[in-house]
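Remember, it's 1-based here, ligands and their atoms both numbered in the order they're listed.
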Amino acid sequence: MRNQEMLLVPGPTPVVDEIYDALSSETMGHTDPRFAKIFKNSIELCKQMYNTDGEVFVIAGSGTLAMEMAIINTVAPGEKLLVVSHGYFGDRFIPLAKVFGIQVETLQAKWGQQISKQTVEEKLAEGGFKAVTVTHVDTSTGVMANVEELVPVVKKAGALFILDGVCASAAMEEDMQKTYGHPDYTIDVVLTGSQKAIGVPPGLGIVAFGPKALAAREAMPSVMGYYTDIKNWLPVMNEPVKYFATPPVNMIFAFNKGMELVMAEGLEKRYRRHYALGRAMRAGLTVYGMKPLAEEAVAAPTLSCIIYPEGLNDAEFRAKLASKGVIVAGALATLTGKAFRIGHMGNATEEMFVKALQIVGETLQEMGYPANIDAAINEFKGIYHSA
Ligand SMILES: *Cc1c(COP(=O)(O)O)cnc(C)c1O
């Protein structure tokens, strides 16, 4: 790998050489048929990943742009949106939707915990909700939502199910034609960014609309956006030689390569790998006397929020790690200084995570904390290869 550092923040994630190579291909005109073919292919691969019979939009921007596209194209000003939040990124939908005059109601979990299906069911019983947002993995807490349980509850209430997959897509199942107990109970919208579990540099927002979500857009004469109106993009996504606004040609080259790598690994295999990786990393770090915020049953395959041993200095710990080439993220809100976040998703290799565990152990020892490095690595390997 060309990378000099191990970028283990919860996105961007380490970029592999084939993707860098694609990114640095010669720039073409955005309506060049050779580019259009690659763009089209990347969209097709997204459709396969989400198994959707709807439409996928790949737009210059970030995950937040994809969130905005999901909301404004399904919920009109004055309509009701329920935000099911497991932390910082779930909460982001609140100001985002309010800007557009949407009536927002919120269910907020205690950090590190899940919102139960009963809570959502009771809230939806009040009636009138056009859509519900659920964050598949909240990147602030490392908690995953129980999609299996929430889809039927939301669909039964007649609302659209919008899934923020920014920290999950390509690492966890998000099958838009899977029925959850009834033929009509399916996920309506999934969105992500290029830089998390897909493993491409930041720069693209991706959003998939199923048939019911597309119908919701059709039912609105206009929406609160121009660049973000999916109707402006649909002709381009279907036939990329068409023009609406210039797509980021080189980012699409990189994204197409990233999606090819995802599909070449195979979705099932990739989901299993991430499941094993999450469990193994948490187990390894636990050997060092650290404690995952989320209980294992609700902990995400893609990233973990890890509470430090008593008294460990956060800034010093992360600076020391960075000087040895391991980049992790601080924790957010009330957990700031008490925990760190480590991403374990995308195209990073087992060797990389073993090395990271070793460097974490060495850093702890330097700071006067006991750390049995061999035991941590053995724990990691044992779980990674058996989970
Ligand atoms: C990173 C993230 C976002 C925001 O994505 P940006 O690309 O930073 O705009 C939204 N939701 C979740 C779950 C995320 O992890």
Does ligand 1 come near enough to [X] that some N or O of the ligand is less than 3.5 Å from an N or O of the residue?
{"X": "Thr64", "value": "yes"}
{"X": "Lys196", "value": "yes"}
{"X": "Gly63", "value": "yes"}

Give the atoms of ligand 1, by number and element, whose distance to some non-hydrogen atom of [X] is under 4.0 Å.
{"X": "Asp164", "result": "10 (C), 11 (N), 12 (C), 13 (C)"}
{"X": "Cys167", "result": "15 (O)"}
{"X": "Ser62", "result": "6 (P), 7 (O), 9 (O)"}

Checklist line | Region of His136 that comes within reach of ligand 1 [heavy atoms, distance under 4.0 Å] | finding: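 The answer is neither.
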Notebook entry, point to check: What part of Asp138, side chain from CB on, backbone N/CA/C/O, both or neither, has a heavy atom under 4.0 Å from ligand 1?
Noted result: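 Within the 4.0 Å criterion, Asp138 makes no contact with ligand 1.
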Margin query: Checking Phe57 against Trp233 for the ring pair (Phe, Tyr, Trp, His ring centres under 6.0 Å) test, could you report, in this order, the C-alpha distance in whole Å, the side-chain angles of both residues, the deciding distance, and whether it holds?
Written below: CA-CA 7 Å; Phe57 303 85; Trp233 285 109; 8.4 Å; no
Check: Do Tyr271 and Tyr275 have ring centroids that are under 6.0 Å from one another?
Finding: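 No, the ring of Tyr275 stays outside the 6.0 Å limit from the ring of Tyr271, centre to centre.
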Note to self: Between Tyr226 and Phe244, is the ring centroid distance below 6.0 Å?
What the structure shows: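 Ring centres of Phe244 and Tyr226 closer than 6.0 Å.
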Check: How long is the span from the CZ atom in Phe255 to the CG atom in Asn41, to the nearest 0.5 Å?
Finding: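 Reported value, rounded in 0.5 Å steps: 10.5 Å.
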Notebook entry, point to check: So how far is it from Arg270 CZ to Met263 CE, rounded to the nearest 0.5 Å?
Noted result: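 So the CZ of Arg270 and the CE of Met263 are separated by 10.0 Å.
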Checklist line | Exercise: identify the closest heavy-atom pair between Gln103 and Gly78 | finding: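 Looking at all heavy atoms of both residues, the shortest contact is NE2-O, 3.0 Å.
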